[in-house]
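Okay, structure first, notes after.
Remember, it's a predicted structure, so these values are computed and weren't measured experimentally. We number each residue from 1, following the sequence as shown.
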Amino acid sequence: MSERQETPVQEIAKSCKNEVPERFIHKNGYPQAQVDFVPLMDNIVVDFSLLFDHSSSPESHHLELAKLQSALSQWGCFQATNHGLSSTFLDEVREVTKKFFDLPLEEKQKYSRVIDDYDGYGNDTIVSENQTLDWTDRLYLTVHSEDQLKLQYWPQEPLAFRKVINEFTAKLRVIFEPLLKAMARCLSIDENCFLKEHGETVNMAGRFNYYPPCPTPQSVLGIKPHADGTTLTMLLQEKEVEGLQVLKDEQWFRVPVIPDALFINVGDLLEIMSNGILKSPVHRVVTNQDRERMSVAVFCFSDPNREVGPVAELISDEKPQMYKRVQHYQDIFFQYYQLGQRPLDAVRI
């Protein structure tokens with residue numbers, strides 16, 4: 001039986017001095033908890049203007065495709081620049097996010113999610129007495145397609161919120177198709193393979209994250225280690241404060257902050273479609289003792305009713321099918337996520 005965590009972390013952070021409630025503490029610490037000793041990941045930046053623009057020289061296009069291929073094979077994620085979203089507009093997205101979390105508690109609570117719904121304002125759903133909670137509040141919204149929106153959860157304040165987020169969603173939707181085609185080309189298969197398997201519908205959800213300062217960052221995580229149950233995730237980071245880390249070869253690496261870049265990672269659905277060739281990276285968010293941090297993640301995934309599986313071109317005697325075909329993967333994902341487990345394990349052959 002799941003239940004809702006009643007008190008926002010933002011309010012807990014205001015009242016706690018040098019200690020945090022036990023439910024948030026990782027009793028034995030967590031790996032590489034001393035952030036100063038966590039190395040930076042390779043700063044792989046892919047220029048979308050060279051990757052997507054057919055007027056760019058063939059040499060520039062192939063170089064950018066090679067960088068994308070390298071990033072995907074080594075990390076499953078990369079930083080994207082020249083993506084069509086201006087620095088000024090990205091600041092607007094950050095600003096409406098900050099203004100929402102700056103609202104009085106009673107105003108934010110008008111948009112509280114109900115138990116067993118994903119959309120709305122809140123934090124971790126409690127599914128187990130032994131669950132360690134994340135030091136974050138979030139506003140989760142279905143942002144596309146139009147017929148799926150739950151507008152009762154969309155804030156009326158700040159006034160610009162809906163306009164800015166609708167525009168943000170539309171701009172990211174433009175990126176999705178050419179990026180999936182480029183990823184298919186990286187694997188030397190027909191560029192439409194992933195799009196055909198994914199289906200025409202691109203559902204999108206936005207998660208607006210707020211991480212308050214934490215007095216004990218060495219024992220509390222902003223978000224526990226997990227991978228995303230998506231096809232792709234596109235993340236707009238804070239401009240100055242680091243926090244996101246990626247796991248590679250059993251070691252954690254810090255994701256550098258590039259103010260105008262989008263951080264993009266492969267999700268579980270794309271790992272399934274690629275028959276395990278593209279990896280959905282495990283990542284986490286650490287806390288900061290002195291500074292708050294915000295981010296906006298946009299999750300892109302197929303119609304939950306559509307069955308998705310490995311594309312035929314990537315199955316062979318040498319590379320047998322690794323995953324079952326799946327439907328409603330998001331339901332599997334959230335159940336496993338709250339328990340700190342990998343949902344992919346449930347669909348592995």
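Residues K181 and N192 have side chains in contact (heavy-atom distance under 4.5 Å, counting atoms from C-beta outward). At least one side-chain heavy atom of C214 sits under 4.5 Å from a side-chain heavy atom of V20. Side-chain contact between V266 and C77 is absent, with no heavy atoms from C-beta onward closer than 4.5 Å. Within the 4.5 Å cutoff, no side-chain heavy atoms of P320 are placed close to those of I315. The side-chain heavy atoms of T136 and V9, taken from C-beta on, include no pair separated by under 4.5 Å. Side chains of K319 and L314 form no contact here, defined as non-hydrogen atoms less than 4.5 Å apart. Using a 4.5 Å cut-off on side-chain heavy atoms (C-beta onward), V296 and N209 make no contact. By the 4.5 Å heavy-atom criterion applied to side chains, P304 and N203 are counted as neighbours.
Under 3.5 Å, the side chains of T81 and D47 contain no donor-acceptor pair of N or O atoms. Between the side chains of N123 and Y210, not a single donor N or O lies within less than 3.5 Å of an accepting N or O. Looking only at atom types and distance, the side chain of Q152 has no donor-acceptor partner in the side chain of Y111 under 3.5 Å away.
Here the side chain of N275 pairs a donor or acceptor atom with the backbone of M322 at under 3.5 angstrom. A donor-acceptor pair under 3.5 Å is absent between the side-chain atoms of Y30 and the main chain of V286, judged by distance alone. Using a distance-only test at 3.5 Å, with no hydrogens or angles considered, no donor-acceptor pair links the side chain of R284 to the main chain of L221. In terms of modelled atom types and a separation under 3.5 Å, the side chain of T287 and the main chain of V220 share a donor-acceptor contact. Side-chain atoms of D228 never come within 3.5 Å of backbone atoms of G267 as a donor-acceptor pair (strictly under, hydrogens ignored). In terms of modelled atom types and a separation under 3.5 Å, the side chain of Q330 and the main chain of G229 share a donor-acceptor contact. Between the side chain of E64 and the backbone N or O of L50, no donor-acceptor pair lies under 3.5 Å. No donor-acceptor pair closer than 3.5 Å links the side chain of S70 to the backbone N or O of A66. Between the side chain of S112 and the backbone N or O of Q109, at least one donor-acceptor pair lies under 3.5 Å. Between the side chain of E191 and the main chain of A184, no donor-acceptor pair closer than 3.5 Å is present.
Following chains of ILVMFWY side-chain contacts shorter than 4.5 Å, one cannot reach M234 starting from V282, and the two form parts of different hydrophobic clusters. Under the 4.5 Å side-chain contact rule for hydrophobic residues, F176 and I165 share a cluster. Grouping the Ile, Leu, Val, Met, Phe, Trp and Tyr side chains by contacts below 4.5 angstrom, directly or via other members, places F78 apart from V45. Under the 4.5 Å side-chain heavy-atom criterion for Ile, Leu, Val, Met, Phe, Trp and Tyr, V164 and Y153 are members of the same hydrophobic cluster. No chain of hydrophobic side-chain contacts below 4.5 Å, direct or via other Ile, Leu, Val, Met, Phe, Trp or Tyr residues, connects L51 to I258.
In terms of heavy-atom proximity, E242 sits nearest to R254 at OE1-NE, 2.9 Å. For A80 against I264, the heavy-atom pair with the smallest separation is CB-CD1, 3.9 Å. Of all heavy-atom pairs between L90 and D260, the closest is CD1-O, 3.7 Å. When every heavy atom of A71 is checked against every heavy atom of I44, the shortest pair comes out as CB-CG2, 3.5 Å.
Annotation: K99, atom NZ; neighbour count of heavy atoms from other residues, nucleotides and ligands within 6.0 Å does not exceed 12. Taking a 6.0 Å sphere around NZ of K163, one finds it holds 12 or fewer heavy atoms contributed by other residues, nucleotides or ligands. Applying the 6.0 Å contact sphere to CG of N18 captures no more than 12 heavy atoms from other residues, nucleotides or ligands. Counted within 6.0 Å of CD on E146, heavy atoms from surrounding residues, nucleotides or ligands total 12 or fewer; the atom is thus considered open.
Between the CD atom of E313 and the CZ atom of F194 there is a distance of 9.5 Å, given to the nearest 0.5 Å. For the atom pair CG of L68 and SG of C186, the computed distance is 4.0 Å after rounding to the nearest 0.5 Å.
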TODO: Please lay out, stage by stage, how E292 and K98 fare under the test salt bridge (charged side-chain N to carboxylate O under 4.0 Å, His left out).
DONE: CA-CA 10 Å; E292 67 181 10; K98 177 173 171 47; 3.4 Å; yes
Open item on the list: Under the criterion salt bridge (charged side-chain N to carboxylate O under 4.0 Å, His left out), I'd like the reasoning laid out for K239 against D91: C-alpha separation, chi angles, the key distance, then a yes or no.
Closed with: CA-CA 9 Å; K239 290 181 76 170; D91 283 343; 3.4 Å; yes
Open item on the list: Please evaluate residues E238 and R293 with respect to the criterion salt bridge (charged side-chain N to carboxylate O under 4.0 Å, His left out), reporting the C-alpha separation (whole Å), side-chain torsions for both, the decisive distance (0.1 Å), and the verdict.
Closed with: CA-CA 6 Å; E238 176 81 48; R293 179 177 177 272; over 6 Å; no
- [ ] Kindly indicate, with the supporting measurements, whether the criterion side chain to side chain donor-acceptor pair (under 3.5 Å) is fulfilled by N305 and H328.
- [x] CA-CA 6 Å; N305 294 312; H328 300 285; 3.1 Å; yes
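Using a cut-off of 4.0 Å between Lys/Arg side-chain N and Asp/Glu carboxylate O, D190 and R185 are scored as not salt-bridged. Salt bridge present: K150 and D117 bring a charged side-chain N and a carboxylate O closer than 4.0 Å. Between D134 and K224, at least one side-chain N (NZ, or NE/NH1/NH2) sits under 4.0 Å from a carboxylate O, which counts as a salt bridge.
The side-chain tip of K171 points at the ring of F89 from less than 6.0 angstrom away and within 45° of straight on.
Between F333 and H226, the two ring planes are perpendicular [angle over 60°; tilted spans 30° to 60°]. In this structure, F24 and W135 have perpendicular ring planes: the angle between them is above 60°, well past the 30° mark.
Among Q341, R342, R348, the one residue that satisfies the side-chain hydrogen bond (donor to acceptor under 3.5 Å, both in side chains) test with D345 is R348. Just one of W154, F161, F101 meets the ring-ring contact (aromatic ring centres under 6.0 Å, His included) condition when paired with F208; it is F161.
For F299 and H144, the ring centers sit 6.0 Å or farther from each other. Between W75 and F253, the distance from one ring center to the other falls under 6.0 angstrom. In this structure, F100 has its ring center closer than 6.0 angstrom to the ring center of Y121.
Legend: residues meeting salt bridge (charged side-chain N to carboxylate O under 4.0 Å, His left out) with R291, ordered by chain and number and at least two apart, are E240.
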